[in-house]
Q: 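Can you keep this structure in mind? I'll have questions shortly.
Residue numbering restarts at 1 for every chain, and letters A, B, ... go by the order of the sequence lines.
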Number of protein chains: 4
Amino acid sequence: MSAAAGAVLDARGGQAARREHILDAAEACFVRNGFHRSTMQDLAREAGMSPGNIYRYFESKEAVVLGLADRERARGGALVERLEREGDRRGALLGIIERYFLAITRETAVLRVEIWSEANRNPDIAAMVVRSEEEARLWFTQTLAALAVSPACDPVALYGAMGPLMKGIIIERAILPDYDPAPSVAHLLGLIEAGLEGRLPAAHGNETDR
Amino acid sequence: MSAAAGAVLDARGGQAARREHILDAAEACFVRNGFHRSTMQDLAREAGMSPGNIYRYFESKEAVVLGLADRERARGGALVERLEREGDRRGALLGIIERYFLAITRETAVLRVEIWSEANRNPDIAAMVVRSEEEARLWFTQTLAALAVSPACDPVALYGAMGPLMKGIIIERAILPDYDPAPSVAHLLGLIEAGLEGRLPAAHGNETDR
Amino acid sequence: MSAAAGAVLDARGGQAARREHILDAAEACFVRNGFHRSTMQDLAREAGMSPGNIYRYFESKEAVVLGLADRERARGGALVERLEREGDRRGALLGIIERYFLAITRETAVLRVEIWSEANRNPDIAAMVVRSEEEARLWFTQTLAALAVSPACDPVALYGAMGPLMKGIIIERAILPDYDPAPSVAHLLGLIEAGLEGRLPAAHGNETDR
Amino acid sequence: MSAAAGAVLDARGGQAARREHILDAAEACFVRNGFHRSTMQDLAREAGMSPGNIYRYFESKEAVVLGLADRERARGGALVERLEREGDRRGALLGIIERYFLAITRETAVLRVEIWSEANRNPDIAAMVVRSEEEARLWFTQTLAALAVSPACDPVALYGAMGPLMKGIIIERAILPDYDPAPSVAHLLGLIEAGLEGRLPAAHGNETDR
DNA sequence: GATGAATGAGTTTTCATTCAT
DNA sequence: CATGAATGAAAACTCATTCAT
């Protein structure tokens, strides 16, 4: 808040830091009250700045959600990068699952549902969500391919099985007050294990064929 | 659902039929634009009536969403009942999965995401979602228990594995333009099959224990 | 409610009786919630009839208030007439004061305030109020003149002193929860007594002359 | 109240001055059309600002009326204080009567009736009115006690006689187009004079006892 | 006559966005 | 740069009034 501190922020990366700060505030507000029940005044109060000032960093309220969705996406990428730098691919895979599913906070889950819901009406958000999904799919299939221990392993099919399960864990975390993700995560890990070994418990006789 | 039935209901249906009619309109609007971008004017136009008239049937806009969530819940129960009357338990289980997951429309999926999201800020909706989940859990575990072909079958654990998967299918249907639920449904059926036989591909060594 | 009873009402004085019935309902509603917080639906429910039907007897909601104000006025006249038929002028004067001030109900007082307030914005009501005041003034001055026991009695000046006092009693009855009108009524009677005897405690040296 | 003072307040007055400004506008509107026929748009136009801006200073339309009632109450207290500072108690008493009854404007009277009427349905207003009455009662009885010239003076009884008279003057000012309060005020002064001397023309034989 | 469902203009209130300071 | 007062265009909701039955 001091003039000196402000000057420092302004000089180098001030713009970006301010955006981050606003996104933090927005995240807190959106998790608490959802996107549509949070006003720009709320964000401003939470961020400790004036409403008008937010518009110096984001074109509109919608742009804030978009920024939030994008940050979530980028954070996933950054975590992956860090985990891969720190260890092997298997560790990265397990780390991602640990962080994004086993240890997911209700806040994160709620925010994700909020973004998915917003994608239904905001094409920019929808595009961001699709891009995010695409990046995840790409990384997972590549990682699974690299970790395969059997030529019968089909990374694409495996990720096809993992995808809904992962999203479902997030939903349950968001909507069920006492949900414990541990069993589902264990199931997810079992699924991965089986898939990497090429024995994905798959389709068999599909009884609901039309 | 047929045009004829609709006409009969409209002609002399009274209070309940009007509510249904409004809920149909609301569903169309909410799927198209989401809850918060749909105005009461929109609903009224879609329903072919005046805005004020909607308030004869629903106390508020929130009550419309709640009514929609409740109708979805009740429809599930009704479908279950019909399927059980028409055939055996296995048929009912497969029928539910066919209808709610394999053949799910994007509209239904979007509406579901909308309701889940709304549960984050509307306690009435949250209660309705929890109730709905509870009813589903109860029916599935009972049905699975009845269909078990091995004493090792654990219906509660099995439903714990199925739950996120089912919700994830709905999410993917809602957010991914070209999503085909068939593979995931096949996976779900395989999971059920295995679970009923008591060979649920379970926890094993949990590698992400903290 | 029976067809026969309805027919009887219709044949003779039905119109007037229905108006009275509606005015009763309106009075109850207006006392409870005031004119502006009472809806035509409220009146209809209270009157046990449909909203639309009220419009067969009153042109508009405003006409109902006007009708109520007029009925209050007419009732005063009728009471006066009855009292004068039953006894002497002094008895009539005391009877009016007993009924309209000593034994005034909170409901009546509230209704009166409601009408006075409505006169501020509805010219028809204002005219009715003025007419009502005029009739009262006329009757009181004539009666006071007839009852005078001294040639020094000035009925006009006396009524000028009584008027505000009487209205003030009504106001206090309406706005003060535990108001007891007895002392003020006693004062009013003392004032009349003195006035009739020509010793009205009047102006003396007016210290606030401008 | 002077144009100069108003300008000063407007220029750099902040929150409180803006509230005053809005209350002035509200007063004008309410006197002209009554509370229920004045819209927030009307207030805004009269105040020379946007409707939304009023809500920065008042929570709701009801809060505006409450603010107005409170300002009237406070103004009375302030006038009393000023008069007492400027002169003796007798002067204060006469000054209040001069200002609030002899020189009362139709606007003030109408506003008062509006507030009394509103008290019938708004509990906050009712509480404010009761509080206001209580303050008046307290000040008058204390002042009368101090001014008593005879041990027989009963300030409580005296105020009991004055109260309705004072309110009645306001009513007549509000509802009678050509009302001149002078005679009634003279009567009021006579009453006070008599009361202070302990010869209140009181109850005597109450002829309407039941 | 009577009903009550329906209308739709009008009202309060909110809030994203702007802009003078 | 930053503020926060101000805007004004919606939006939810109400209710006097109408009219098909």
Side-chain angles (χ1 to χ4, degrees), chain A residues 1 3 6-7 9-10 14-15 18 35-45 47-64, chain B residues 12 14-15 18 36-45 47-64, chain C residues 1 3 6-7 9-11 14-15 18 35-45 47-64, chain D residues 12 14-15 18 36-44 47-64:
Chain A
M1 286 283 170
L9 278 175
D10 290 350
Q15 186 85 357
R18 284 283 216 274
F35 174 51
H36 292 281
R37 290 237 173 120
S38 300
T39 71
M40 290 301 267
Q41 293 281 350
D42 292 338
L43 301 212
R45 199 175 310 116
M49 60 173 61
S50 68
N53 201 26
I54 293 183
Y55 285 83
R56 296 188 53 78
Y57 302 95
F58 293 93
E59 274 218 324
S60 65
K61 194 184 174 189
E62 304 260 307
V64 176
Chain B
R12 279 263 138 225
Q15 189 88 354
R18 280 290 208 269
H36 293 281
R37 290 242 173 115
S38 302
T39 72
M40 290 305 265
Q41 292 279 355
D42 293 339
L43 299 214
R45 200 174 308 115
M49 58 174 64
S50 68
N53 200 29
I54 294 181
Y55 287 86
R56 289 186 56 81
Y57 302 95
F58 294 92
E59 277 217 325
S60 64
K61 193 183 173 188
E62 304 257 305
V64 176
Chain C
M1 286 283 169
L9 279 174
D10 290 351
Q15 187 84 0
R18 285 284 216 274
F35 175 51
H36 291 282
R37 290 237 173 123
S38 301
T39 71
M40 290 301 266
Q41 293 282 349
D42 291 339
L43 300 213
R45 199 176 309 116
M49 60 174 61
S50 69
N53 201 26
I54 293 183
Y55 285 83
R56 295 188 54 78
Y57 302 94
F58 293 93
E59 274 217 324
S60 66
K61 193 184 174 187
E62 304 261 305
V64 176
Chain D
R12 278 267 136 222
Q15 188 89 353
R18 279 291 207 268
H36 292 281
R37 290 240 173 117
S38 302
T39 71
M40 291 303 267
Q41 293 279 354
D42 292 339
L43 299 214
M49 59 175 63
S50 67
N53 200 29
I54 294 181
Y55 287 85
R56 288 186 57 80
Y57 302 95
F58 293 94
E59 278 218 323
S60 64
K61 194 183 174 188
E62 305 257 305
V64 176

Q: Under a 3.5 Å cut-off for both distances, is E/dG10 Watson-Crick or wobble paired, and to whom?
A: F/dC13

Q: Using a cut-off of less than 4.0 Å, is there contact between a side-chain N or O of A/Arg18 and OP1 or OP2 of F/dA2?
A: yes

Q: Paired with E/dA20: which nucleotide, if any, by Watson-Crick or G-U wobble criteria at under 3.5 Å for both distances?
A: F/dT3

Q: What is the distance, to the nearest angstrom, from the CZ atom on A/Arg56 to the C1' atom on E/dC19?
A: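 These atoms are roughly 13 Å apart.
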
Q: Between D/Ser60 and A/Ser38, which residue's closest nucleotide on DNA chain E lies nearer the 5′ terminus?
A: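 Final value for this comparison: D/Ser60.
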
Q: How many angstroms lie between atom OG1 of B/Thr39 and atom NZ of B/Lys61, to the nearest 0.5 angstrom?
A: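 B/Thr39 atom OG1 to B/Lys61 atom NZ measures 7.0 Å (nearest 0.5 Å).
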
Q: For B/Met40, report the nucleic acid contact type (base, sugar-phosphate, nothing); a contact means any heavy atom under 4.0 Å.
A: sugar-phosphate

Q: Under 4.0 Å from OP1 or OP2 of F/dA2: is there any side-chain N or O of A/Tyr57 that close?
A: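 Yes, A/Tyr57 has a side-chain N/O under 4.0 Å of OP1/OP2 on F/dA2.
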
Q: Where do C/Ala44 and C/Ser50 come nearest, in terms of heavy atoms and distance?
A: CB-C, 3.8 Å

Q: For DNA chain F, whose closest nucleotide is more 5', that of C/Glu62 or that of B/Tyr55?
A: B/Tyr55

Q: Just the rounded figure in Å: distance from P of E/dT14 to CG of D/Asn53.
A: 14 Å

Q: Taking atom C1' of F/dT18 as reference, at what distance in whole Å does atom CD1 of C/Ile54 sit?
A: 14 Å

Q: Using whole Å, what does the distance between atom P of nucleotide E/dA16 and atom CZ of B/Arg37 come to?
A: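 Distance, rounded to whole Å: 12 Å.
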
Q: May I ask you to check whether over 12 heavy atoms, not counting those of B/Glu62, lie within 6.0 Å of atom CD?
A: yes

Q: How long is the straight-line distance from CZ of C/Arg18 back to CD1 of C/Ile54, given to the nearest 0.5 Å?
A: 11.5 Å

Q: Hey, which of these two, C/Phe35 or D/Pro51, hits DNA chain F nearer its 5' end, going by closest nucleotide?
A: D/Pro51

Q: Among the nucleotides E/dT13, E/dT7, F/dT7, which one has an atom lying closest to any side-chain atom of D/Met49?
A: F/dT7

Q: Could you tell me the separation between the NZ atom of B/Lys61 and the P atom of F/dT14, rounded to a whole number of Å?
A: 15 Å

Q: Measuring to OP1 and OP2 of E/dG4, would you say a side-chain N or O of C/Ser50 lies under 4.0 angstrom away?
A: no

Q: For A/Gln41 and E/dT18, what is the distance between atoms CD and P respectively, to the nearest whole Å?
A: 14 Å

Q: Between E/dT7 atom C1' and B/Arg45 atom CZ, what is the distance in whole Å?
A: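 Value for this atom pair: 15 Å.
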
Q: What integer distance in Å separates A/Leu43:CG from E/dT17:C1'?
A: 13 Å

